[in-house]
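Along the sequence shown, residues are numbered consecutively beginning with 1. None of the values given here were measured: they were computed from a predicted structure.
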Amino acid sequence: MNKIKTFPIVLGSQSPRRKELLSALDLDFKVLVKSIDESMPHDILPEDAAEFIALKKLQAFNTIAFNDKLIITADTVVVDSTGRVLGKPLTSNEAKSILKDLSGNVHLVYTGVAILFNNVIRSFTCKTEVVFNTLSDEEIDYYVYKYKPFDKAGSYGIQEWIGRIGVAHINGTYENVMGLPTSQLYKELIKIEKGL
C-alpha cells in the first residue's frame with residue numbers, strides 16, 4: 001500500500017481497539033472524532049445497523065477540508081440469539097444482564113466500515129458468530145467490576161479476560177469482534193490503490 005501511505009489518513013473513531021488494529025496494518029493516521037446523531041430508522045435490519053452508523057459518521061467528514069484525505073469510520077453492533085441489538089451498557093446491572101443473556105448462547109457481531117477517498121464512498125459489513133461458554137454469576141460480576149465494559153457493544157471486549165475464559169469459539173474474524181475487520185479493510189484499501 002505504498003501509494004495509500006502517501007495520503008493523510010484519518011480514523012474517525014475514538015475506540016482504542018480500532019486505533020490498535022489500524023496501526024497493525026502499518027499505516028500512519030490521525031484520530032479525529034466528530035459527534036453525530038446515532039439514531040437509526042426503526043425498521044432497519046440488525047445486520048445493516050453498523051454500516052448505517054459508519055456511513056453517518058463518514059458524512060460528518062464529507063467536506064472540502066477533508067477532500068485530500070482518506071477517511072475511515074466504523075461501528076460495531078452485537079445481536080443476541082433473539083435478534084435484539086445490544087448497545088453499550090449504561091450501568092453495571094445492565095452490563096451483567098446482557099452478559100447473562102450471552103452466556104451459553106450464540107450471538108453475532110457486525111462491524112460496518114465506511115471509507116471516503118477522492119469523493120468516493122465505499123462501505124461494507126463484516127459478520128462474526130461468537131459462541132459463549134456458560135458463565136457463572138461470579139465470573140460476570142468479576143468482569144464487570146474489574147473491566148467496566150461501558151464503552152463496548154454487548155458489554156464485553158473479546159481481547160479482555162472474559163474473551164479468554166468465556167468465548168468457546170468464533171466463526172469469522174477475531175479482529176471484527178474487536179471492532180475493525182482488518183483483512184477486509186486491507187482488501188478495500190488495495191482496491192483504492194489500484195485505482196490511483
Side-chain angles (χ1 to χ4, degrees), residues 1-79 85-88 107-130 151-154 157-159 170 172-196:
M1 288 193 295
N2 292 331
K3 290 181 185 176
I4 287 290
K5 289 180 179 181
T6 65
F7 292 91
I9 299 173
V10 174
L11 173 63
S13 173
Q14 61 188 357
S15 164
R17 295 160 297 281
R18 291 195 184 109
K19 184 178 177 183
E20 174 190 340
L21 289 167
L22 191 58
S23 294
L25 291 181
D26 292 338
L27 294 172
D28 293 322
F29 60 91
K30 291 183 178 178
V31 172
L32 181 59
V33 180
K34 291 181 173 277
S35 59
I36 64 154
D37 170 17
E38 293 195 18
S39 62
M40 291 178 280
H42 295 295
D43 58 348
I44 195 166
L45 296 173
E47 59 266 31
D48 297 331
E51 191 170 336
F52 178 86
I53 296 298
L55 285 164
K56 264 187 143 179
K57 290 178 181 178
L58 193 70
Q59 287 301 330
F61 292 93
N62 199 1
T63 64
I64 293 173
F66 295 97
N67 274 358
D68 63 335
K69 297 172 177 58
L70 187 149
I71 314 295
I72 300 169
T73 59
D75 192 69
T76 300
V77 300
V78 175
V79 180
V85 175
L86 304 175
K88 298 172 183 175
H107 64 273
L108 300 173
V109 178
Y110 295 96
T111 297
V113 177
I115 306 165
L116 174 64
F117 184 66
N118 279 348
N119 295 314
V120 176
I121 293 173
R122 296 168 177 261
S123 65
F124 63 86
T125 296
C126 188
K127 176 178 83 170
T128 300
E129 182 183 76
V130 182
D151 64 335
K152 297 173 178 69
I158 194 169
Q159 73 281 0
I170 66 171
T173 70
Y174 177 86
E175 290 79 9
N176 185 56
V177 184
M178 278 184 70
L180 191 67
T182 51
S183 176
Q184 198 164 345
L185 174 59
Y186 178 79
K187 288 177 184 176
E188 290 299 320
L189 295 176
I190 291 295
K191 288 178 190 175
I192 291 170
E193 182 164 274
K194 286 180 178 177
L196 294 174

Distance in Å, Leu58 CG paired with Ile121 CD1, rounded so as to fall on 0.5 Å steps:
5.0 Å
Glu51 to Ser123 - nearest heavy-atom pair and separation:
OE2-OG, 2.6 Å
Leu108, Val109, Val78 screened by side chain to side chain contact (heavy atoms under 4.5 Å, CB included) with Val130, the one that passes:
Val109
Counting N and O atoms only, with roles assigned by atom type, does the side chain of Lys57 sit under 3.5 Å from a partner on the main chain of Ala74, one being a donor and the other an acceptor?
yes
With respect to Glu175, which candidate in Leu185, Ile158, Leu180, Leu21 satisfies the side chain to side chain contact (heavy atoms under 4.5 Å, CB included) definition?
Leu21
On a heavy-atom basis, which atom in Pro46 and which in Tyr110 lie closest, and how many Å separate them?
O-CD1, 4.2 Å
Test side chain to side chain contact (heavy atoms under 4.5 Å, CB included) applied to Leu32 and Ile71, step by step:
CA-CA 10 Å; Leu32 181 59; Ile71 314 295; over 6 Å; no
Check the surroundings of atom CG in Asp28: do more than 12 heavy atoms from other residues, nucleotides or ligands lie under 6.0 Å from it?
no
Given side chains that start at C-beta, do those of Ile190 and Lys194 come closer than 4.5 Å, heavy atoms only?
yes
At their closest point, which heavy atom of Thr76 faces which heavy atom of Gly179, and how far apart are they?
OG1-CA, 3.5 Å
For Glu188, is there an ion pair with Lys191 - N to carboxylate O distance below 4.0 angstrom?
yes
Check this for me: Gln14, atom CD, are more than 12 non-hydrogen atoms of other residues, nucleotides or ligands nearer than 6.0 Å?
no
Close side-chain approach of Glu20 to Met178, heavy-atom, < 4.5 Å:
yes
Sequence-distant partners of Phe61, ring-ring contact (aromatic ring centres under 6.0 Å, His included), two or more places apart
Phe66
Among all residues two or more places apart in sequence or in another chain, which pass the ring-ring contact (aromatic ring centres under 6.0 Å, His included) test with Phe117?
Phe7
To the nearest 0.5 Å, tell me how far Asn176 CG sits from Glu129 CD.
12.5 Å
Which heavy atom in Lys3 sits nearest to a heavy atom in Glu193, and how many Å separate them?
N-OE1, 2.9 Å
With side chains defined as the heavy atoms from C-beta onward, is the minimum distance between Ile53 and Val77 less than 4.5 Å?
no
Does some side-chain heavy atom of Asp151 sit less than 4.5 Å from a side-chain heavy atom of Arg17?
yes
Just wondering, are more than 12 heavy atoms of other shown residues or ligands nearer than 6.0 Å to NZ in Lys56?
yes
Once rounded to the nearest 0.5 Å, what's the spacing between atom NE2 of His107 and atom OG1 of Thr128?
9.5 Å
Counting only N and O atoms by type, is there a donor-acceptor contact under 3.5 Å from the side chain of Thr111 to the main-chain atoms of Cys126?
no
Would you say the side-chain atoms of Thr125 pair up with the backbone N or O of Gly112, donor to acceptor, closer than 3.5 Å?
no
NZ (Lys5) with more than 12 external heavy atoms under 6.0 Å:
yes
Could you check if a side-chain atom of Val31 sits within less than 4.5 angstrom of a side-chain atom of Arg18, using non-hydrogen atoms only?
no
More than 12 non-hydrogen atoms from neighbouring residues, nucleotides or ligands closer than 6.0 Å to NZ on Lys69, yes or no?
yes
Provide the closest heavy-atom pair for Gly157 versus Lys152 in the form atom of the first, atom of the second, distance.
N-CD, 3.4 Å
Could you give me the CA-CA distance, side-chain angles and deciding distance for Thr182 and Thr173, then say whether side chain to side chain contact (heavy atoms under 4.5 Å, CB included) is met?
CA-CA 9 Å; Thr182 51; Thr173 70; over 6 Å; no
For the pair Asn118 (side chain) and Val120 (backbone), establish whether a donor and an acceptor sit closer than 3.5 Å, ignoring hydrogens and angles.
no
Nearest-0.5 Å distance that lies between atom CG in Leu27 and atom CD1 in Ile9:
4.5 Å
Who are the ring-ring contact (aromatic ring centres under 6.0 Å, His included) partners of Phe52, not counting sequence neighbours?
none
Minimum heavy-atom distance between Asp75 and Ala50, given as atom pair plus value:
O-CB, 3.3 Å
